[in-house]
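In this chain, residues are counted from 1 in sequence order. No hydrogens, no waters, no symmetry mates; every other heavy atom, side chains included, goes into these values.
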Amino acid sequence: MHKQTAQEKLHVVFVCWGNICRSPAAEATFRKLLTDRGLDDHITCDSAGTIDQHEGNSPDPRMQKAASARGIRTGGAARKANSNDFSDANLLLTMDNFNFTELNKLAPNDLGKKKIQRFCDYVGGNVTEVPDPYYGGASGFEKVLDLLEDACEGLLIELSSQV
């Protein structure tokens with residue numbers, strides 16, 4: 001990735017399956033970090049899913065509650081990743097291996113595929129996937145938020161050197 005000029009912004013899209021739990025929480029977590037560190041004029045972010053089943057829905061209320069308790073405000077409406085995401089984003093970060101494979105299938109070309117990375121590449125330790133908390137209890141949402149905070153910090157360290 002090249003260093004951005006004053007006019008360009010880096011753009012990151014976080015991707016999970018339905019875009020109602022992990023990816024909107026990652027977007028909100030990263031956006032809060034950007035705002036807190038004064039980098040929101042240089043880096044932008046969004047989220048999407050690899051399916052359209054939840055399109056238009058708000059983030060899962062359980063994730064909203066868990067994130068809110070940490071001062072993270074989730075919002076937006078679920079949507080499926082589209083060609084604009086591949087053209088506009090510098091990075092598309094998937095929450096797990098299944099969505100890595102699915103997003104690669106949605107990529108319109110090889111350039112789009114090169115932008116896809118695993119989100120957990122930015123987590124400290126040996127974590128390879130952010131687990132889907134949808135079918136579990138409250139502790140699953142807390143574990144996900146811990147991973148998101150860790151990875152978003154790592155991502156911001158890397159991207160800060162490019163703005």
Side-chain angles (χ1 to χ4, degrees), residues 1 4 9-37 39-40 42-54 59-60 62-64 66-67 70 72-82 84-107 111-136 139-163:
M1 203 177 313
Q4 303 298 302
K9 291 183 180 186
L10 289 173
H11 184 62
V12 179
V13 178
F14 299 97
V15 181
C16 69
W17 196 43
N19 192 218
I20 59 169
C21 290
R22 297 170 290 174
S23 58
E27 174 190 355
T29 300
F30 195 62
R31 184 170 283 126
K32 183 179 186 313
L33 282 175
L34 293 173
T35 300
D36 290 351
R37 304 215 177 132
L39 292 169
D40 46 350
H42 304 286
I43 305 171
T44 59
C45 61
D46 197 0
S47 64
T50 56
I51 62 169
D52 60 6
Q53 178 180 343
H54 301 289
D60 187 291
R62 298 167 296 171
M63 181 57 84
Q64 288 187 53
R70 296 177 184 222
I72 300 167
R73 185 170 175 231
T74 57
R79 66 180 187 83
K80 184 177 179 181
N82 60 50
N84 290 337
D85 293 312
F86 289 96
S87 63
D88 297 346
N90 300 88
L91 283 174
L92 293 109
L93 298 171
T94 61
M95 297 293 135
D96 60 33
N97 293 329
F98 174 76
N99 286 295
F100 181 84
T101 300
E102 292 301 299
L103 193 60
N104 270 283
K105 291 176 186 175
L106 295 174
L111 180 60
K113 288 180 181 181
K114 288 179 183 176
K115 296 179 179 185
I116 302 169
Q117 291 184 15
R118 290 171 173 84
F119 182 66
C120 284
D121 289 351
Y122 298 95
V123 174
N126 295 325
V127 178
T128 58
E129 296 187 314
V130 178
D132 190 344
Y134 187 78
Y135 296 105
S139 65
F141 291 91
E142 295 299 331
K143 179 179 180 177
V144 165
L145 287 166
D146 289 344
L147 290 171
L148 297 180
E149 288 177 343
D150 183 11
C152 283
E153 285 282 352
L155 175 62
L156 189 56
I157 289 168
E158 182 167 312
L159 294 182
S160 294
S161 67
Q162 298 173 34
V163 294

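Between Arg31 and Asp36, none of the side-chain N atoms (NZ, or NE/NH1/NH2) sits under 4.0 Å from a carboxylate O, so this pair counts as no salt bridge. Look at Glu102 and Lys80 and you find no salt bridge, because none of the NZ, NE, NH1 or NH2 atoms lies under 4.0 Å from a carboxylate O. Residues Asp85 and Arg79 are paired through a salt bridge, judged by an N-O separation under 4.0 Å between the basic side chain and the carboxylate.
The CZ atom of Phe98 sits 6.0 Å away from atom OG1 of Thr50, with the distance rounded to the nearest 0.5 Å. In this structure, CD1 on Ile20 lies 8.0 Å from CD1 on Ile51, to the nearest 0.5 angstrom. Atom CZ of Phe30 is separated from atom OG1 of Thr35 by 10.5 Å, given to the nearest 0.5 angstrom. Going from atom NZ of Lys9 over to atom SG of Cys45 covers 11.0 Å, rounded to the nearest 0.5 Å. Residue His11 holds its NE2 atom at 6.0 Å from CG of Asp88, rounded to the nearest 0.5 Å. To the nearest 0.5 angstrom, Lys105 atom NZ is 11.0 Å from Lys113 atom NZ.
Closest of all the heavy-atom pairs between Pro131 and Leu147 is CD-CD1, 3.6 Å. In terms of heavy-atom proximity, Gly18 sits nearest to Ala78 at O-CB, 3.6 Å. The shortest non-hydrogen separation linking Leu91 to Leu155 is CD1-CD1, 4.0 Å. Nearest heavy-atom pair across Phe86 and Leu106 is CE1-O, 3.8 Å. Between Ala151 and Val123 the shortest heavy-atom distance is CB-CG2, 3.3 Å. Considering all non-hydrogen atoms of both residues, Ser47 and Pro24 come closest at OG-CA, 3.6 Å.
A donor atom on one side chain and an acceptor atom on the other are found under 3.5 Å apart for Gln117 and Tyr122.
A side chain to side chain contact (heavy atoms under 4.5 Å, CB included) with Glu27 is found for one member of Asn19, Asp46, Val13 and no other, namely Asp46. Between Leu159 and the options Leu34, Ile43, Leu39, a side chain to side chain contact (heavy atoms under 4.5 Å, CB included) holds for only Ile43.
Remark: side-chain polar atoms of Thr101 are paired, donor with acceptor, to backbone N or O of Asn97 under 3.5 angstrom. Put simply, the side chain of Asn99 never gets that close to the backbone of Met95: no donor and acceptor are under 3.5 Å apart. Counting only distance, with no hydrogens or angles, the side chain of Asp150 and the backbone of Gly124 share a donor-acceptor pair below 3.5 Å. Formation of a donor-acceptor pair under 3.5 Å by the Arg70 side chain with backbone atoms of Thr29 is not found in this model.
Looking at heavy atoms from C-beta onward, Val130 lies out of side-chain contact with Asp96 at the 4.5 angstrom threshold. At a threshold of 4.5 Å between non-hydrogen side-chain atoms, the residues Phe14 and Leu148 do not count as touching. Put simply, the side chain of Thr94 does not reach to within 4.5 Å of the side chain of Cys16, judged on heavy atoms. Within the 4.5 Å cutoff, the side chain of Val163 has heavy atoms near those of the Leu10 side chain. By the 4.5 Å heavy-atom criterion applied to side chains, Ser23 and Trp17 are not counted as neighbours. Annotation: side chain of Phe141 is in contact with side chain of Cys21 (closest heavy-atom distance under 4.5 Å).
The salt bridge (Lys or Arg N to Asp or Glu O under 4.0 Å) contacts involving residues 115-134 comprise Arg22-Asp132, where partners must be two or more places apart or lie in separate chains.
The aromatic rings of His54 and Tyr134 are tilted relative to each other, their planes meeting at an angle between 30° and 60°.
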